[in-house]
Amino acid sequence: MTLSNTQRTIDAIWRIESAKLIAGLTRMVRDVGLAEDLAQDALVIALERWPEIGIPDNPGAWLMTTAKRRAIDFMRRTKLRDQKYVEIAQGIDLYTEEDIDGTLDGEIGDDLLRLIFMTCHPVLSQDARVALTLRLLCGLNTDEIARSFLAAESTIAQRIVRAKRTLSAEKVPFEVPVGEELKERLSAVLEVIYLMFNEGYAATSGDHWIRPLLCQEALRLGRVLAEIAPYEQEVHGLVALMEIQSSRFKTRVSSTGEPVLLMDQNRAQWDRLLIRRGLAALERSHKLGRQLGPYSLQAAISACHAQAPTATETDWIRIAALYEALSRVTPSPIVELNRAVAISMAFGPAFGLQIVDELRAEPSLKGYHLLPSIRGDLLVRLGRYEEARTEFERAVSMTQNTREQELLMNRAAECESEASK
């Protein structure tokens with residue numbers, strides 16, 4: 001394995017393991033900022049040693065063991081909480097290659113949920129919670145987060161640092177709250193899990209369009225949350241959405257890794273068990289409330305796709321109506337953009353294009369690559385290939401995901417070919 005290949009492998013491992021490392025270390029040191037520093041130390045050691053010794057058979061175990069040793073060394077050096085050190089050093093065995101799998105599947109999973117509730121504490125602002133989530137749970141770097149916020153990298157870096165300091169200064173407990181305190185934080189926690197799933201479903205950057213393990217972790221956490229809060233409508237709505245969306249994973253990319261769009265996917269390969277689970281969760285959501293919330297409405301939209309035997313049989317009129325309802329519950333330019341797509345499928349591309357053109361003046365969508373991408377698709381359906389090519393090329397410059405760039409460049413080339421006929 002070459003050095004560059006090793007580095008790429010380490011980067012992929014880090015994206016998979018970092019949240020588990022930070023969660024486990026936070027339980028140990030009770031400081032999320034220190035936990036992240038210790039995890040980063042383990043990563044630096046891996047970057048130094050793995051190119052020489054090779055990737056361990058269980059890299060997650062190696063990183064956890066290294067990070068825990070660094071934690072114990074830190075506590076010894078600073079003489080911090082001597083009694084706590086004794087408990088950790090004597091009462092908790094270091095992870096080994098043999099027992100790591102069982103540990104990660106159990107205790108660490110609970111730690112991730114505790115970490116989410118910790119980072120969703122009301123002492124943090126909404127923007128701080130989102131930025132910290134993308135950093136700690138989704139493994140995005142500061143530059144990637146800054147692009148998602150359409151903000152300067154320095155601004156995001158300061159926001160994350162302040163958030164970690166606030167959690168430490170306020171001594172926010174590392175726990176899943178109960179009763180009214182759980183309800184107060186529930187909407188923020190749902191948003192965090194939703195963000196995790198979305199980053200896995202359509203990666204912000206990198207060489208892969210999807211990150212299935214991140215989606216699986218978000219779905220697992222959603223299922224756990226549904227057990228903790230069984231009478232909360234939107235918990236079941238979010239679980240339903242993730243179950244149904246997850247059913248398409250096998251068909252979202254080709255055998256060589258290229259993205260496959262929804263209308264081109266082989267529906268016979270969609271996971272029917274996940275769809276049934278999603279529909280059951282959606283039914284539970286319906287029974288718990290009169291008016292569906294944003295996650296339940298999105299799940300209902302996904303259900304329309306899941307229940308259509310073929311792409312041409314999709315009930316686009318119902319989907320457009322559901323997007324209309326979603327825009328009233330949570331109005332946003334992105335919801336309106338999705339509504340435009342549904343309108344175009346139900347009533348023709350010209351109607352959708354009218355909505356999209358109005359959204360071009362929306363400041364928050366200035367750097368959002370799906371706006372020109374969707375506009376390009378509508379222009380193709382109207383036979384305006386030269387304009388569509390320009391839109392696809394604009395979209396290429398706005399996304400950092402290499403697979404999506406390739407898809408958009410291919411669309412642009414097809415438009416150029418059609419325009420020259």
Side-chain angles (χ1 to χ4, degrees), residues 116 120 122 125-127 129-130 133-134 148-150 180 182-199 201-202 218-219 221-222 225-226 229-246 262 278-308 314-347 351-352 354-356 358-359 361-365 368 370-371 374:
I116 290 174
C120 288
S125 68
Q126 169 71 5
D127 285 348
R129 290 196 297 260
V130 172
T133 295
L134 293 173
S148 70
F149 273 93
L150 303 179
E180 289 302 316
L182 186 147
K183 289 184 178 181
E184 289 172 2
R185 269 190 260 177
L186 195 57
S187 62
V189 170
L190 290 176
E191 183 178 7
V192 163
I193 295 174
Y194 179 70
L195 282 170
M196 282 182 66
F197 186 86
N198 279 351
E199 176 58 28
Y201 199 71
L219 177 54
L221 291 171
L225 198 56
Y231 301 109
E232 295 293 334
Q233 180 191 42
E234 278 295 82
V235 173
H236 295 293
L238 179 56
V239 171
L241 174 62
M242 294 190 294
E243 298 274 16
I244 297 171
Q245 295 289 80
S246 295
L262 176 63
L279 294 176
L282 184 58
E283 180 63 24
R284 285 192 289 274
S285 175
H286 277 281
K287 291 178 178 178
L288 287 170
R290 296 179 181 175
Q291 181 178 350
L292 296 182
Y295 301 119
S296 298
L297 285 168
Q298 290 179 73
I301 291 168
S302 288
C304 288
H305 292 294
Q307 292 173 311
T314 304
D315 189 348
W316 285 106
I317 294 177
R318 174 167 169 74
I319 291 175
L322 287 167
Y323 271 119
E324 177 67 30
L326 183 60
S327 69
R328 291 196 296 268
V329 174
T330 54
S332 82
I334 292 177
V335 171
E336 191 66 6
L337 184 60
N338 285 317
R339 189 176 75 88
V341 174
I343 290 288
S344 76
M345 297 301 293
F347 305 108
F351 293 97
Q354 183 178 351
I355 299 172
V356 171
E358 292 173 359
L359 290 171
E362 173 58 46
S364 64
L365 296 181
Y368 189 56
L370 289 182
L371 177 61
I374 288 172

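- Annotation for G222 and V239: closest pair O-CG2, 3.3 Å, computed over non-hydrogen atoms.
- Of the inter-residue distances, the one linking S344 atom OG with R339 atom CZ reads 11.5 Å to the nearest 0.5 angstrom.
- Q291 and V329 get closest at one heavy-atom pair: NE2-CG2, 3.7 Å.
- By the 4.5 Å heavy-atom criterion applied to side chains, F197 and L241 are not counted as neighbours.
- The heavy-atom pair separating G352 from I343 by the smallest distance is N-CG2, 4.1 Å.
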Pair E191-Q126, side-chain contact (heavy atoms from CB on, under 4.5 Å): steps then yes or no: CA-CA 10 Å; E191 183 178 7; Q126 169 71 5; 2.5 Å; yes
Could you please spell out the steps behind the side-chain hydrogen bond (donor to acceptor under 3.5 Å, both in side chains) verdict for E234 and S296? CA-CA 6 Å; E234 278 295 82; S296 298; 2.7 Å; yes
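- A perpendicular orientation is assigned to the rings of F347 and F351, their planes being inclined by more than 60° (bins at 30° and 60°).
- A distance of 4.0 Å separates CH2 of W316 from NE2 of H305, quoted to the nearest 0.5 Å.
- Residue-environment remark: CD (E358) exceeds the threshold of 12 foreign heavy atoms within 6.0 Å.
- Of all non-hydrogen atoms in L219 and S246, the two that sit nearest each other are CD2-OG, 3.9 Å.
- One distance of note links CG of L292 with NE2 of H286; it measures 5.0 Å at 0.5 Å rounding.
- With a 4.5 Å cut-off on side-chain heavy atoms, E362 and L337 do not count as touching.
- The shortest non-hydrogen separation linking L282 to A299 is CD1-CB, 3.9 Å.
- Scanning all heavy atoms of the two residues, the minimum distance from P333 to L359 falls at O-CD1, 4.0 Å.
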Check step by step if side-chain contact (heavy atoms from CB on, under 4.5 Å) holds for I116 and M196. CA-CA 11 Å; I116 290 174; M196 282 182 66; 4.2 Å; yes
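- Atom CG of L238 is separated from atom CG of L225 by 8.5 Å, given to the nearest 0.5 angstrom.
- Interatomic distance, H236 NE2 to Y231 OH, rounded to the nearest 0.5 Å: 9.0 Å.
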Take I319 and M345 through the test side-chain contact (heavy atoms from CB on, under 4.5 Å) and record every step on the way to the result. CA-CA 10 Å; I319 291 175; M345 297 301 293; over 6 Å; no
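- To the nearest 0.5 angstrom, L365 atom CG is 8.5 Å from S332 atom OG.
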Derivation and outcome, side-chain hydrogen bond (donor to acceptor under 3.5 Å, both in side chains), residues Q298 and Y194: CA-CA 11 Å; Q298 290 179 73; Y194 179 70; 2.7 Å; yes
Go through E180 and K183 one step at a time and tell me if the side-chain contact (heavy atoms from CB on, under 4.5 Å) criterion holds. CA-CA 5 Å; E180 289 302 316; K183 289 184 178 181; 4.1 Å; yes
